[in-house]
Amino acid sequence: MPIFEIDQGRLKPFARVIPGPHLYESTIRDLAWSDLEAFFGEGLFPVRKEAPVSHGRVDILALDGRGRVVVIEFKRDVDRNQLAQCLEYAGWAASASLDVMAELYDSGTRAGAEAFFQDWQIFTDSETPQTIVPPARVLLVARAIHELTHAAIDYLAERSVPISVFPVTVYRDDSNRQIIAIDAEHEPSAAALSTGSSLEANVTSRTRVTVADLIAAELVSAGDRVVFERPRVGERYEAQITAEGEFDLGDGRTAGSPSGAARILLDGRAYDGWNAWRLPERDNVLLATLRTRYRQAIEEPVSEPG
């Protein structure tokens, strides 16, 4: 898919970058780690980068809002051997306990079991640690997937195995500016997401949504004020949504996603930002509620004219 910038009425092309050996396994992995929500479109609790497990290292280990273990792997090209490795990691994750996650915990700013349980309770906004629930999930980030392996992933996805593929392509212009194009090709089915969730983000379909999408749909406006309150600990934060769908925190800092903004304000602790930020001038509605409305609107079948 050619990508161009409109520059003074002309099309300025971005060329696809030919990936070196470490572009996906290192550079793109580190970009994703810096803001998991911006990359994957959902709030995730980061457990550890390069997490050591019994038979290897998981590129990124995380938990989702329901308490499911999320195995995230980054590959330049995926063949059946690499798919098998990802499924082996998922098999390990299926039996991993909350104590195992606590032992592995290293968010980059905090580490260790005590910090894990404190941060996990903040992320889930609960007074007691939420336990792990099955099934474990696999998020696979890659430039390309071999044809036969693609068929195997299709087979798994069609049978509600929670594996999602995120094709990622890097583009660069002649000024050395880079663009990363992220797509979600296979995502967990409704059946795989239908049990035990109290979060609004997990009872809808998994259509990828950004705050910029809400602005385009006129559900949110540039300049809208948003607030994030934690009554149990007496904390309240404010931010303003920019025209680009980012969060201006009012002190010179900005964040590219709701969870990224919450994480900055909580000194590196993860939080599900979609279920944190409200719009006080719009009936105090949650961003998660507006995301649900957006998904429902774009997924509603359009009637053919009679």
Side-chain angles (χ1 to χ4, degrees), residues 1 24-25 28-29 32 36-37 39-44 53 55-56 58-96 132-169 180-210 213 274 288 291-292 294-302 304:
M1 178 182 66
Y24 285 80
E25 292 84 349
I28 292 179
R29 179 203 62 199
L36 292 175
E37 182 187 281
F39 201 97
F40 295 107
E42 64 173 304
L44 295 171
V53 299
H55 48 281
V58 175
D59 286 337
I60 293 178
L61 188 63
L63 294 166
D64 69 15
R66 292 179 56 195
R68 294 179 300 180
V69 179
V70 183
V71 170
I72 308 174
E73 284 290 298
F74 296 79
K75 307 291 184 186
R76 180 171 56 174
D77 302 287
V78 178
D79 58 23
R80 58 187 177 184
N81 292 327
Q82 291 166 323
L83 177 60
Q85 180 191 54
C86 292
L87 294 177
E88 286 176 0
Y89 290 157
W92 168 85
S95 60
I132 287 177
V133 298
R137 298 168 54 193
V138 175
L139 308 184
L140 180 55
V141 178
R143 177 195 66 163
I145 300 173
H146 292 200
E147 184 176 352
L148 293 178
T149 307
H150 208 300
I153 292 173
D154 283 338
Y155 180 86
L156 293 170
E158 288 165 2
R159 281 150 184 81
S160 300
V161 175
I163 180 169
S164 303
V165 177
F166 291 80
V168 171
T169 307
I180 293 180
I182 306 168
D183 194 11
E185 205 170 86
H186 298 292
E187 297 186 332
S189 69
L193 294 164
S194 62
T195 58
S197 174
S198 61
L199 294 178
E200 206 168 345
N202 289 319
V203 296
T204 63
S205 74
R206 305 305 298 176
T207 303
R208 184 183 178 88
V209 182
T210 66
D213 293 323
W274 286 93
R291 179 175 59 179
T292 297
Y294 178 87
R295 285 172 169 160
Q296 290 171 341
I298 64 173
E299 291 164 11
E300 196 170 275
V302 179
E304 293 293 333

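All values below were derived from every heavy atom in this structure, side-chain atoms included, with hydrogens, water molecules and symmetry-related copies excluded.
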In short, Tyr89 meets Gly56 closest at the heavy-atom pair OH-CA, 3.7 Å

Between Asp77 and Arg143, the two heavy atoms sitting closest are OD1-NH2, 2.6 Å

Checking Leu140, Leu61, Leu44, Asp59 against Ile72 for side chain to side chain contact (heavy atoms under 4.5 Å, CB included), the one that qualifies is Leu44

dist Ile153:CD1 -> Glu158:CD (nearest 0.5 Å) comes out at 12.0 Å

Are any non-hydrogen side-chain atoms of Leu63 and Val69 less than 4.5 angstrom apart? yes

All heavy atoms of Phe39 vs all of Ile28, minimum pair found to be CZ-CG2, 3.6 Å

Check your understanding: Can you check whether Asp79's main-chain N or O pairs, donor with acceptor, with Gln82's side chain at less than 3.5 Å?
Key -> yes

Exercise. May I ask you to decide if Arg80's main-chain N or O and Thr149's side chain share a donor-acceptor pair within less than 3.5 Å?
Key: yes

Given the options Val58, Val141, Ile60, Glu73 meets side chain to side chain contact (heavy atoms under 4.5 Å, CB included) only with Val58

In terms of heavy-atom contacts, Leu83 and Ala152 come closest through CD2-CB, 3.9 Å

When every non-hydrogen atom of Pro162 is compared with those of Ala136, the smallest separation belongs to CG-O, 3.2 Å

Worked verdict on Arg66 versus Arg137 for side-chain contact (heavy atoms from CB on, under 4.5 Å) = CA-CA 12 Å; Arg66 292 179 56 195; Arg137 298 168 54 193; over 6 Å; no

